[in-house]
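Before any comments, here is the structure.
First the proteins, then the strands, lettered A, B, ... as listed; each starts at 1. Remember, predicted model here, so these are calculated numbers, not experimental data.
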Amino acid sequence: MTITARDPTVDPTAAPQTKGPLRRALDRFFENRAARAGLLIVVPILLAVSTYHLWWPFSPNAIDLRAINKGPSAIHWLGSDGVGRDVMARLMQGGRISLLVAVCSVAISIVIGFLVGAVASFGGRLVDGTVMRFVDLAMTLPPVIFLLVLASIAGTGIAPTILVISLLSWPVLSRMVRARLLELRERDFVVAARGMGAGLPHLLFRHGLPNCIDILVVYATLQIANAILLEAGLSFLGLGIAPPEASWGNMLNLARSTVVLEQYPWQWMFPGAVLVLTVLAINFIGDGLRDAFDPRSDLN
Amino acid sequence: MRIKTIARHLAITGLLLGGLATSVQAQGAKTITGGFDVGPGGFPKNFNPLAATGGFTWLSTYFEPLVIYNAELTELEGDLAKDYTVGDDQLTYTFNLVQETWHDGKPFTSKDVKFTLELARNKASGSLFAARLGDIASVDAPDDRTVVVKLSKPNGSFLSILSQVMILPEHALAGMPPETLATSTWWSTTPVGTGPFKFNRYVSDQYVELAADDDYRSGKPKVDVLINRYFESPAAAVAALRAGEIQFTYVEPDDAVSFKSDSNFKVIEGASYVVNYIGLNQKVELFRDVRVRQAIMHAIDRNAIIESLYGGAAKPANCGYVAPHLLPEGLEPYAYDPAKAKALLAEAGWEKINGDKPITLLTYYGSPQAANVMAAIQSMLAEVGINVVPRVVDTPTYNGIVYKEGTPDWNAFAMVYAGLQNGPNPAGISPGLNKSQIPPAGFNTMRIEFDDLSAALDAALGQTDPAKIDKSWQEVCKVMNKDLPWATLWVANRYGVASNKLRDFVWTPAPAGGPYAAHPERWDIQ
Amino acid sequence: MDAPILSISGLRAVFRIAGRDIAAVQDLDLTIGSGETVALVGESGSGKSVTSLSIIGLLPKKIGHIAEGSIALRRRDGTVTELTGLDPESLRKVRGNDIGMVFQEPMTSLNPVYTIGEQIAEPIRIHLGKSHRNAAADAVRLLAQVGIPDPDRRARQYPHELSGGMRQRATIAMALSCNPTLLIADEPTTALDVTIQAQILDLLAELQAQRGMGILFVTHNLGVVAEIADRVAVMYAGRIVESGPVSEVFTRPRHPYTAGLMRSVPRLGQATSLKAAGTPLPTIAGNVPSLALLPKGCSFAPRCAMAVDACRAAVPPLFAATSTQHSRCLRWKDL
Amino acid sequence: MNAPFLSVRNLTKHFAPTAFSRGPVVRALQDISFDIARGQVVGLVGESGSGKTTIGRSLLRLIEPTSGEISFDGIDITKLSAGPLARQRRKMQYIFQDPFASLSPRMTIGQILTEGLDIQSIGNRRERRARAEKALAAVELPVDAYDRYAHEFSGGQRQRIGIARAITLEPEFIVADEPVSALDVSIQAQIVNLLRDLQVRLGLTMLFISHDLAVVEYICDTVIVLYLGRIMEVAPAAALYARPQHPYTRALLSAIPSLDPLVKQGRQVLKGDIPSPANPPTGCVFRTRCPVALDACAGIVPPLRATSDGHLKACIRDDIA
Amino acid sequence: MLVALSVLIFILLRLAPGDPIDAYINPSSPMSASDLEVLRDRLGLDQPLPVQYLAWLRAALSGDFGYSIQRSGVAVLPLVMERIGPTALLMGTGLAIAIVLGISAGIFSAVRRNALPDIILSVVAFVGISSPAFLTALLGLYFFSVLLRWAPSGGMQTAGAPFSVSDVLAHLVLPACLLSIGHAALIMRYMRASLLEVLNQDYVRTARAKGVREFWVIIKHATRNALLPVITLIGSTVGIAIGGAIFLESVFNWPGMGLLLVNAVGTRDYPVIMGATLVIGICVILVNLLTDIVYAVVDPRIQVS
């Protein structure tokens with residue numbers, strides 16, 4: 001094939017627009033139907049979750065012992081739970097917590113993952129070997145076991161959950177970053193920068209970071225989806241967000257009880273549906289971003 | 001290569017068919033399968049009665065103690081002891097033993113009892129009874145059917161403790177050094193008891209299977225096989241029960257509700273003998289003022305919680321007891337009155353003491369119901385201006401926090417939502433309230449140092465006159481009601497669900513699983 | 001005289017990119033007789049590879065197709081088959097059978113997970129219906145024919161165990177395994193070192209002498225064309241701008257592009273005198289145009305020193321400069 | 001004559017397997033010595049695996065040599081520590097082969113061109129821009145390229161940007177590593193002309209690396225022929241093309257296809273493959289493919305020695321000159 | 001590596017609040033401190049940490065992993081060994097189903113790229129990836145066991161019945177299928193992406209140029225190469241699979257490593273946790289080794305020694 005975008009024999013003076021690689025990736029992203037659908041799902045959920053206190057009359061922790069386990073109605077749109085709390089309000093608050101946990105943990109694991117990967121790839125063979133052994137160790141530890149032990153130390157609650165999830169997820173990223181940077185280190189334009197006397201910070205932040213941005217963005221979205229699932233799993237095992245604080249995970253935990261599963265399905269079905277939908281949408285977005293950042297997608 | 005794969009497929013198919021064939025053959029044996037170690041009374045995967053802190057419902061199907069509570073948990077009756085007498089000095093206990101043989105055919109004699117009691121008192125064996133049986137001065141076996149136990153000082157709980165000591169066969173265990181008993185495989189492979197069923201096998205982490213002991217003294221058991229299945233959670237057991245795989249299990253109150261309307265099942269309900277309370281750490285400045293404690297009592301609408309979250313199946317507690325014979329006249333009922341609670345708090349200067357800073361409400365109760373209860377309490381306390389934040393931890397974490405030696409971080413457990421056994425022996429609550437029981441000595445983990453309460457408890461514990469004993473405990477109740485060492489909440493009911501196929505099935509939600517006279521030999525299945 | 005091995009007329013191959021149809025090749029006529037080597041020469045984007053993929057029907061399915069034209073192939077049994085519009089199954093039976101194909105990158109065009117022998121034997125089994133064992137024996141024989149020493153051992157090796165030159169010999173063996181009438185060699189020596197390139201060129205010439213097949217040799221290297229080809233077609237922006245016997249075209253180019261190209265190629269020994277004289281190397285000004293933004297008229301006009309207004313008005317037709325040499329230049333006579 | 005501007009002595013580079021992997025030692029360079037005088041252009045020619053790029057990168061210490069000395073204007077750069085090395089690097093620049101890989105896709109041309117000035121903290125923002133624009137003009141690109149991204153340019157234009165980047169720092173020495181081999185024929189000559197023009201105008205000293213002897217001819221004063229990590233022959237360009245002395249140089253010249261279709265014969269085709277640098281032949285590395293090899297060639301590594309008219313060759317046979 | 005793992009776990013464990021003795025106390029029917037002292041003494045929990053660790057390490061090196069604290073008379077090594085089988089069975093079956101389903105769906109999807117079946121399969125796969133394992137497990141259990149009674153509600157064998165293969169299989173099917181969902185979806189996505197990439201490779205074009213049938217181009221030439229990244233993925237999912245198995249094992253009461261560990265962590269059964277983690281670590285390392293071997297079998301460019 002000789003007709004490819006690698007062959008942009010466009011006369012620059014004839015082509016009026018100048019788009020950076022990020023802009024082009026975004027353009028491609030918005031052309032992706034699944035990604036658009038993902039955005040269409042996530043944005044309203046985000047909006048609702050972040051503003052619900054302004055327009056929804058119930059508070060997530062207000063109990064009403066006279067109205068427990070009531071099904072969806074005009075007052076409680078999504079019904080009420082075992083102590084008469086409004087499921088809608090808890091769903092929104094739970095979304096806040098779940099998303100907060102996911103976003104924070106991903107942010108932390110990105111910082112750790114990038115720095116570890118960067119140090120390993122630019123730090124010389126010995127550092128690389130040592131760091132990667134350590135990463136291997138962290139990956140040998142089956143995640144849920146690590147998590148069980150960590151969670152029982154750190155306890156339950158938002159901050160420990162964030163800590164646990166971020167500690168769990170950085171090794172994968174650091175491997176990806178390392179692989180990318182090892183490859184990047186040999187790329188001509190990085191060699192050129194070294195040839196001009198560039199030091200480690202310059203290489204890392206002027207070349208390393210921008211060229212890892214795709215990995216980071218894609219990892220971030222996919223990992224947010226993953227972190228939501230992890231939080232749910234942790235809460236399910238009783239190690240994540242503890243009630244009465246709401247999270248999608250601990251709301252789903254109610255389905256363990258056969259009575260709730262069977263007779264009060266609104267208590268788990270709505271959080272379940274919203275969780276799956278959100279994770280699905282974020283996965284769509286992540287996938288869309290991955291395609292958008294893939295230089296080969298220019299071909300199609 | 002292709003022929004090899006085909007051959008392999010054939011082999012696998014053959015294996016499957018063969019497997020089917022073996023499972024098709026019907027089992028004529030009458031079997032009851034249950035989740036006997038599900039719930040708070042169980043202690044799954046423990047086979048050593050000397051190390052048991054629960055699970056006696058199941059252990060007593062193949063082991064037996066000398067004396068046992070009746071199924072209503074109101075009185076102790078003889079089991080391996082046909083009857084017993086207590087000397088006037090309350091120091092000498094004489095047991096007359098029944099005629100029984102061990103499952104391996106050897107006769108059961110007084111030597112076994114002497115052996116067991118001595119083993120149970122021996123720390124080296126890893127026995128948890130060593131300290132509790134510390135008052136025993138001597139054990140004598142004057143003849144094969146008589147055992148005489150002498151105490152060094154009177155102990156009103158002695159028989160109650162004995163009811164959990166399963167008698168073990170001397171002939172099987174005497175040969176093993178006591179130190180090795182705790183790690184011996186005997187318990188889970190070839191234990192020998194005197195109960196109506198004998199140990200058949202243990203399939204690791206799955207179930208224990210017992211077989212009828214044909215020459216049991218009260219008659220041959222009606223079913224041939226008794227199986228105890230292990231479940232990770234009550235919910236899993238409920239699933240198995242509804243799927244028809246088991247005939248009995250403990251269930252959470254929520255689940256009990258859905259079984260009540262189902263004609264295939266019978267719901268068994270009983271008092272838990274555990275009083276739930278909000279423990280208020282006395283090492284913390286917050287709860288020194290009795291008016292604060294009173295305010296907490298007034299702030300919580302216990303009746304509403306009992307009505308809605310327990311479906312009415314709990315009794316509000318205004319002291320450590322709810323049993324009528326332990327309740328004195330004129331107890332303050334601490335009715336729900338948020339206005340009064342606010343007034344009391346204002347009077348005590350709560351704004352200054354704490355204000356609306358969050359206080360952790362620690363608990364080891366992980367059930368959905370407990371979560372609801374705590375949510376309700378949080379909300380009700382918030383109403384009067386006490387900001388509590390529930391924190392659920394697992395049992396070891398809870399104990400690790402509240403028992404911690406050295407200088408514990410008091411703020412980590414300013415408040416707890418907990419429960420304590422208050423029966424069938426009323427002495428059960430003493431270690432949680434008596435100032436002599438402050439850790440590391442005992443488990444007065446809330447560090448309650450009320451002199452009048454300790455005095456009342458000591459008096460009741462020292463009371464040897466059976467006629468005055470209830471009165472003494474009523475006094476304890478009165479002091480508790482006044483001083484409010486805890487904010488006492490209620491004693492809830494617990495539930496078991498049995499299939500309607502079961503006949504003459506007895507189960508009681510006893511603390512630690514009893515033991516109680518359940519008479520498994522009479523259980524039957526259609 | 002027999003029909004030519006390959007006869008292409010009026011070929012137009014179209015790619016759909018960003019919603020627009022772009023002709024990668026148009027108005028292409030080409031014939032190859034038996035025992036003849038025709039070189040298709042041009043720079044990147046000129047459409048030479050698209051032409052070769054069009055012949056074997058391997059234009060990327062989703063975006064490329066042959067819009068018009070005819071491609072007639074004389075097969076081993078002497079029958080002539082029209083390849084355009086042939087159903088995929090019949091076309092498949094032609095590929096690797098009557099047409100052998102050698103690609104540019106011997107590393108990537110061999111499957112890394114199968115042995116050389118297996119890959120050479122595969123078309124023999126498919127098209128000639130030979131058994132595994134016979135096909136494997138044939139593969140070893142073919143390896144020997146393309147000058148690989150110790151062919152028995154090499155047949156059992158994987159591509160990564162061979163050097164670049166050996167790999168290209170192996171792909172040639174693979175292309176020739178069914179004794180095709182036409183061999184398409186798409187830049188077969190571009191990825192190789194010059195000393196190895198010389199070996200491969202010699203090998204191809206030798207094999208052609210033995211077997212008498214037609215060769216379509218696609219390349220951008222004019223020196224290679226001079227070495228191996230009998231006739232040459234020069235492509236620029238999807239069209240043949242000049243064609244004819246190599247001896248004629250190279251001694252007297254009749255298109256300014258060909259002439260410019262010939263001048264730009266460094267010739268051994270000439271540069272020293274240019275440098276001494278302080279003269280720069282001759283070049284063609286400007287850049288190769290994008291197929292998406294072709295100028296009206298002659299595509300080369302913007303870079304052409306000889307361009308006149310008429311050049312920009314319409315695409316010039318092919319003029320017959322001699323009985324064998326054709327040029328798509330209005331001013332061919334002025335060259 | 002004064003001391004050479006650049007002097008390479010006994011340069012050796014072995015790529016050893018890493019601490020956490022296994023594999024053979026690759027002997028990329030063996031005992032390489034040569035000089036470049038100020039203002040001179042030296043061509044480095046050889047086939048793949050000959051070590052051309054390794055030499056080019058070692059000169060700028062982008063690769064740490066295993067042993068040997070590289071003196072740059074009297075300073076041995078192999079012994080410089082990070083700080084002085086970074087300052088030294090201002091004077092030496094590199095031009096890469098692949099115009100697509102050598103420009104960061106995430107930076108504008110302006111960022112690419114000012115990166116070196118930025119690293120070396122030269123000038124303020126405006127001055128840097130001015131220098132970058134001057135460089136753009138020098139490589140005959142429009143000034144408005146400054147805010148564009150590399151992907152908008154064709155291969156030839158990108159190679160011009162690569163050259164512009166190399167000259168913004170106003171270096172004294174440039175390594176041009178196969179700067180035209182990825183380009184179309186019609187563009188190659190443009191770039192060679194540009195490089196030659198810049199070299200003359202800016203008085204640059206240059207090492208021009210290529211696999212193609214024909215491309216090297218126009219721009220180089222002296223040509224070094226490399227084979228399997230060793231120098232085969234060194235000669236002034238005119239002499240080398242007129243009278244190649246080493247059998248390998250002859251074979252290389254002969255293998256270049258001639259444009260004249262009538263001159264097909266007389267070509268000398270080397271037999272066999274290039275041996276792996278991980279396992280080079282003993283003695284003369286070329287002897288396995290050499291048409292005139294003797295038994296003695298296996299015994300010793302032929303020293304690089306001077307013959308007539310400024311020629312140096314590493315071959316024991318004098319009888320074939 | 002394993003020693004490092006054991007040190008890490010050891011330290012982590014001791015950082016966690018509560019020790020095995022704390023796990024023994026039922027807060028609602030507690031024991032006296034002197035009762036507990038008996039147990040602490042016997043377990044040597046009062047010694048300094050390095051001493052405890054070295055004692056453990058010395059014993060472990062000689063093959064003695066001690067006794068479970070919570071289960072009287074149960075040695076750790078046989079206990080852990082007993083659990084490997086069920087976990088391997090569950091995970092093996094689940095992964096096998098996932099691999100077969102995932103790879104075939106991935107191939108199908110890649111070949112029919114952007115056609116309706118591909119879109120449907122991809123959406124299904126995304127839903128699979130996006131569903132929490134425990135939710136599918138719970139719902140699966142409820143529908144197939146409680147409501148439909150197609151499969152037993154948990155455990156590995158019918159209680160009291162003699163061991164039979166069909167019995168185990170009947171218990172295995174549901175959890176294995178549920179386990180496979182997420183993995184199948186993930187493998188399918190990877191396989192699809194990998195195959196699409198491989199289909200652009202030169203050697204695929206070469207195969208077509210040789211006149212290989214399209215079916216065999218996909219199966220023989222493309223799939224084997226496309227499998228390479230998928231093999232790596234499968235290898236690295238084993239750790240995750242153990243994680244997923246924990247949810248499934250606890251929901252389905254499957255007597256495997258996950259269940260054992262959850263219980264052991266819940267009761268601070270140090271010897272069991274140490275033993276089980278080490279065994280899992282060894283398994284993960286073995287699986288990685290196995291992955292490398294499979295990789296080398298599929299890809300001749302890699303040599304294993």
Between atom [atom1] of [X] and atom [atom2] of [Y], what is the distance when rounded to the nearest 0.5 Å?
| X | Y | atom1 | atom2 | result |
| --- | --- | --- | --- | --- |
| M196(A) | R165(D) | CE | CZ | 5.5 Å |
| E115(D) | H202(A) | CD | NE2 | 3.5 Å |
| L209(A) | R106(D) | CG | CZ | 10.5 Å |

Counting only heavy atoms not in F122(A) (residues, nucleotides, ligands), do more than 12 fall under 6.0 Å from its CZ?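 It does: F122(A) CZ has more than 12 such atoms within range.
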
Can you tell which of [options] has the highest number of heavy-atom pairs within less than 4.5 Å of chain A?
| options | answer |
| --- | --- |
| R61(D), R57(D), R90(D), M92(D) | R57(D) |
| L60(D), L62(D), L103(D) | L62(D) |
| A166(D), A145(D), S104(D), G156(D) | S104(D) |

Quick one: closest heavy-atom pair of [X] and [Y], and the distance?
| X | Y | value |
| --- | --- | --- |
| R89(D) | R194(A) | NH1-O, 3.0 Å |
| I119(D) | A193(A) | CD1-O, 3.8 Å |
| G197(A) | A86(D) | O-CB, 3.9 Å |
| Q93(D) | G195(A) | NE2-O, 3.8 Å |
| S102(D) | D188(A) | CA-CB, 3.4 Å |

Are the side chains of H207(A) and M107(D) in contact, using a 4.5 Å heavy-atom criterion?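 Yes, close enough: below the 4.5 Å cut-off.
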
Region of D118(D) in contact with chain A, defined by heavy-atom distances below 4.5 Å: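 Answer is side chain: those atoms of D118(D) sit under 4.5 Å from chain A.
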
